[in-house]
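Below is one structure, written out as C-alpha cells; the observations come after it.
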There are 2 protein chains.
Amino acid sequence: MDTGSSLQNRVPRKRRKMQRVTMMDVARLAQVSPSTVSLYLRKPSAVSPAAGQEIARAISTLGYVPNLVAGGLAAASSKVVSIIVPSIRNAFFAETVSTLQAELAAEGLQVILGHSEYGEDQEEALVRTALAWAPAAVVLTGLSHSAETRKLLQASGVPVVEMWEIGGEPVDMAVGFSHPHVGASAARHLLAKRRRSIAFLGARMQEDHRAAKRASGFAEEAKRAAEHVTCEVINHPGAATVEAGSLLLSRALQQIPDLDGIACSNDLIALGALFECQRQGIPIPDTIAVVGFGDLDFSASCIPSLTTIRPSGDLIGKEVARLILAGIHGEQPAGASRIIDTGHVLIERRST
Amino acid sequence: MDTGSSLQNRVPRKRRKMQRVTMMDVARLAQVSPSTVSLYLRKPSAVSPAAGQEIARAISTLGYVPNLVAGGLAAASSKVVSIIVPSIRNAFFAETVSTLQAELAAEGLQVILGHSEYGEDQEEALVRTALAWAPAAVVLTGLSHSAETRKLLQASGVPVVEMWEIGGEPVDMAVGFSHPHVGASAARHLLAKRRRSIAFLGARMQEDHRAAKRASGFAEEAKRAAEHVTCEVINHPGAATVEAGSLLLSRALQQIPDLDGIACSNDLIALGALFECQRQGIPIPDTIAVVGFGDLDFSASCIPSLTTIRPSGDLIGKEVARLILAGIHGEQPAGASRIIDTGHVLIERRST
DNA sequence: TGCATCTATCATAGCGCTACGATGAACTCG
DNA sequence: CGAGTTCATCGTAGCGCTATGATAGATGCA
C-alpha cells in the first residue's frame, strides 16, 4: 500500500525488532564489507592487519556479539554438542559432563544438556530435540536405547558417542567399560578375601541397566568361581542413596545370616552399608567385607576407608571429547578405534 | 561459468549439502504450503483437522525433525536457556540444574550449560557465548560478577536470573537466600547449645564468595551475641571435599584446643570433620558440636546424623524456572517480585 | 611490457524457518 | 441477496550469518 513515504527512510514496515548489533554494523563502522568481518572472525590471518585492527576496534566499540544461531544456520552445523545423561545428580555423570563441557568449551563448542531419568521414551524425546539443533555431535549414556532412538540417530548422520558402557554394538562410537567385568572383579576380590556368603546390593536396577549388568557379572563370577559359595543380588527400587545402602544391608543380613562380603553398585550404597554395620556393631572388614563402586569423594576418607572400583568418569569425558573433536576436524575413526575401553581399577582399602 | 548442463537437473552448483528433510518436503508431501506446516507445528488448533492429519502423516513418513536453529533465527529468540554454574560436580548446583532442566524441558526449552569454575573472567567468556545464542534467558550463580559481565547482560535485553544468593542488587532477577543469615543461624544454634569456642570451616573461600559470606555472617553473629566467645574462621584453599573437612578439623583443634563447636560451609566438610573426630576419639556432640550446610544425601544417615542447614536447591530451581517461564509468557515481574527469598532451614539432628 | 599468479576484499545467494499481510471461501445477518 | 465477518491457507520477505565464486590490485617472471 504505502511506499515508505515521508521523513523516515526506514519505516518499520516489516518484521520484528532490529535492536541487535549485527555484523553489518561492525562492517559499516570498520569501513569493510560484512564478508571481511566474517572472515576475520573465523580466520583472522586471512585479513590484512590494518583491516583486522579496524574491525577489532569496531567490535569492541559496538559491543558486538556474533549471533551463533544465524551462524549455525548458515554453516549448517551449529557449534553445539548435545549430552543426554540419566541424571546429573549422579556424581558419576556430573563428573563426566563437567570434564566434557570443559574440554569442548576450549574448542568453542557449547554443551546442551538433557536428563533421561533412566527412561527410554524420555531419552527418545530428548534425542529428537537434540537433533533439532543440528548438533556437531550427540552424546548418550549407555548402549540401551529404543529402536526409534537408534533410527533417528542413524538417519541424522550426526556423530554419536555412547558413553559409560561398552560390550554391545554402538550406534556409532562408544567410550566406557564393561559393567559385567566390574561385577566380576568385585566378586573375585571378595572370593580372594575368603568370603563365601556374598551379596550384591544395587538400587533401581529395573531401570539402570548398567547396574543390573554389574550385578549379573558379580553373580556369574561367584557361581563360576567356586562351589559352596552363596550369592544373592538384592535390589532397592528407589534411587541409589546412602539411606538405601543402610536398608539394603539390613535386608541382606536377614536373607543371609552368615553374610561375610558385599559388593555395592555405588559408593553411596556402600557408605550406607558401612554406617549400618557401625550401628549394629558389625566389624568391617572382619565380619563383612565391603566393595563399592565409583570411588567418590568420601570413599578414601570414610571409616573404614572403602575398597572400591573406580571407573574414571573424568577419563571417559576426556575420551568422548577427543572422539568428537577428531570427528569435527575431519578424521573419521573407523573399526575398533570407534570403541574405547577406559577400563576399571579396583582400589583396595580398609573395608576388605 | 557453467550453466548447470547435462543430465542432472540438480547440479550441486551452489552451497552446501541439502540432505536434511525440511519443512518444504513435508509441505509438498502433505499438499499444503510450508506456512501451514509451520502453523500446525506451533499452533495445531489453527489448522483444519484434515490438513493437520495430512501433515502429521507426512512428518512421520519423512521422519521430519524441525530445525530449531532456523526457527530461532527467524523468530529472533531461540528456545534456549543458558545456565552458568561454578561447577556441576557440586551437589548443590547439580540439584538445581537438574530441577531447572526438567521444568524448562516441559515447556520445550533447552538448557545450555557452562561451568565458570568460580572464575569471573571465565564467567564473562561464558556469558558472551551464552548471549551469542540469543537465549530466552540467562541464569547465573550468585551476585558477584565482573563489571563487563553485568554490562553485557544489561545491554543484551535478555532476562537474567541470578540464583543461590540474594542480598545485593541483581542485574535483573534473583532467586536464593542470604548467606550471611545462614552463617548467623549456624552460630546462634551453636551458642544456644552453650558452645563458646567455635570455628567456621570453609573451603576455597578466596573464590567462593558465598561461602565467605556464610563465614562472615557466622563470625559477626558470634561476636555480637556474647562476650567470652572465641570464634575463628579457617579456610582450606582447595575444593570442599570430605578430606578437606578432616584436615580442617585437625587444624581447628591446633588453633583452638578447647574447641567445642564448628560450622562447616558444606556437608562434605562436615562429614570429613565427623570422620576425623571418630578417628581421634572425640565424641560428637559431647565435646564438639557440628553444624553442616547443604543437607546432602548422607547427612541424615551418617553417624551421628548431621545437624545441617538446608538451602533447597530444588526450590531454587523451581522458582528460577517459574520466573523464566513467566517472562516468556509476557508477564514482566517488577519491583520486589523480581527478588525471591527461598530462605533456609536449620535441621537439628544428633551432631549438636 | 605483457600475462599469469597471488592476495585481500567483496557481492550475493542461500541456510530453514517464522511472522506478516493478503487472499479467497464459507458463513452470518439485516 | 449483497455487505461484513470469520476462517483456513498461502506467498514471501526477512532473521544474521557463511560459503562460494568473482574482482580488483599487487606481485612475479619471462
Side-chain angles (χ1 to χ4, degrees), chain A residues 1-2 4 10-28 30-55 59 62 64-79 131-134, chain B residues 1-4 10-28 30-55 62 64-79 131-134:
Chain A
M1 296 298 155
D2 84 329
R10 198 79 169 91
V11 185
R13 298 187 306 116
K14 278 253 159 201
R15 287 315 247 189
R16 303 144 279 259
K17 65 168 179 192
M18 27 195 61
Q19 325 265 34
R20 197 182 179 110
V21 177
T22 73
M23 197 178 261
M24 270 282 275
D25 301 319
V26 174
R28 203 146 35 211
Q31 313 247 50
V32 295
S33 81
S35 341
T36 308
V37 178
S38 171
L39 190 59
Y40 170 76
L41 254 23
R42 280 171 298 120
K43 203 156 167 288
S45 65
V47 170
S48 71
Q53 228 164 57
E54 211 53 48
I55 293 169
I59 287 176
L62 296 172
Y64 170 67
V65 177
N67 185 337
L68 289 178
V69 179
L73 180 58
S77 88
S78 61
K79 288 208 162 299
L131 290 177
W133 283 96
Chain B
M1 293 298 155
D2 85 328
T3 46
R10 199 80 168 89
V11 184
R13 298 188 304 118
K14 278 255 162 199
R15 288 317 250 189
R16 302 145 278 261
K17 62 167 180 193
M18 28 195 63
Q19 325 267 35
R20 199 183 178 108
V21 178
T22 74
M23 196 178 262
M24 271 281 276
D25 300 320
V26 174
R28 205 148 31 215
Q31 313 248 49
V32 296
S33 81
S35 345
T36 307
V37 177
S38 170
L39 191 60
Y40 170 75
L41 254 24
R42 281 171 297 118
K43 205 156 166 287
S45 66
V47 170
S48 71
Q53 226 164 58
E54 212 53 47
I55 292 169
L62 296 172
Y64 170 67
V65 177
N67 185 336
L68 289 178
V69 179
L73 180 59
S77 88
S78 59
K79 290 212 160 298
L131 291 176
W133 283 96

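Chain letters run A, B, ... following the sequence lines, proteins first and then strands; every chain starts at 1.
Counting heavy atoms from C-beta on, the side chains of B:Val26 and B:Tyr40 never come closer than 4.5 Å. A heavy-atom distance below 4.5 Å is found between the side chains of B:Thr36 and B:Ser33. Using a 4.5 Å heavy-atom threshold, the side chains of A:Val32 and A:Val47 count as separate. The closest side-chain heavy-atom distance from A:Arg20 to A:Asn67 is below 4.5 Å.
Using a 4.0 Å heavy-atom cutoff across all strands shown, A:Leu39 reaches at least one base atom of the nucleic acid. Among the heavy atoms of the strands lying under 4.0 Å from B:Thr22 are primed sugar atoms or P, OP1, OP2 only; no base atom is included. As judged by a 4.0 angstrom heavy-atom cut-off over every strand, B:Pro66 is placed among residues touching the sugar-phosphate backbone only. Nucleic acid contact class of A:Val69 (heavy atoms, under 4.0 Å, all strands): none.
Rounding to whole angstrom units, OH of residue B:Tyr64 and P of C:dG16 are separated by 10 Å. Between A:Lys43 atom NZ and C:dT9 atom P the separation is 13 Å, expressed in whole Å. Counting to the nearest Å, the P atom of C:dT9 and the CD atom of A:Gln53 are 13 Å from each other. As rounded to whole Å, 12 Å separates atom P of D:dG16 from atom CZ of A:Arg28. Rounding to whole angstrom units, OH of residue B:Tyr40 and P of D:dC10 are separated by 15 Å. Distance B:Asp25 CG to C:dG16 P: 9 Å, rounded to the nearest Å. As a whole-Å value, the separation of A:Glu54 CD from C:dA8 C1' is 16 Å. The interatomic distance linking A:Leu68 (CG) with D:dT18 (P) rounds to 9 Å, in whole Å.
When the side-chain nitrogen and oxygen atoms of A:Ser48 are compared with OP1 and OP2 of C:dA8, none of them lie within a distance under 4.0 Å. Contact annotation: B:Ser35 does not reach the phosphate of D:dT9 (side-chain N/O to OP1 or OP2, under 4.0 Å). Taking side-chain N and O atoms only, B:Arg42 has no distance below 4.0 Å to OP1 or OP2 of C:dC17.
In this model, no side-chain donor or acceptor of A:Ser33 finds a partner on the base of C:dA11 within 3.5 Å.
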> Passes side chain to side chain donor-acceptor pair (under 3.5 Å), A:Ser35 versus A:Ser38? Steps please.
Replying inline: CA-CA 5 Å; A:Ser35 341; A:Ser38 171; over 6 Å; no
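Taking both residues in full, the closest heavy atoms of B:Met24 and B:Pro34 are given as SD-CG, 3.6 Å, listed atom of the first, atom of the second, then distance. In this structure, A:Ala70 and B:Leu73 approach most closely via the heavy-atom pair CB-CD1, 3.6 Å. Considering all non-hydrogen atoms of both residues, B:Tyr64 and B:Leu41 come closest at CE2-CD2, 3.9 Å.
Considering only the side chain of B:Leu73, D:dG16 comes nearest among D:dC10, C:dT9, D:dG16. Comparing C:dT18, D:dC17, C:dT9 by their closest approach to the side chain of B:Met23 singles out C:dT18. Counting only heavy atoms from C-beta on, A:Ala74 has its side chain closest to D:dT18 among D:dT9, C:dC17, D:dT18.
Nearest-nucleotide assignment on DNA chain D puts the 5′-proximal partner with B:Gln31, out of B:Gln31 and B:Ala70.
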Look for any protein N or O under 3.5 Å of an N or O in nucleotides 23-28 of chain C and output each such pair with its distance, or none.
none

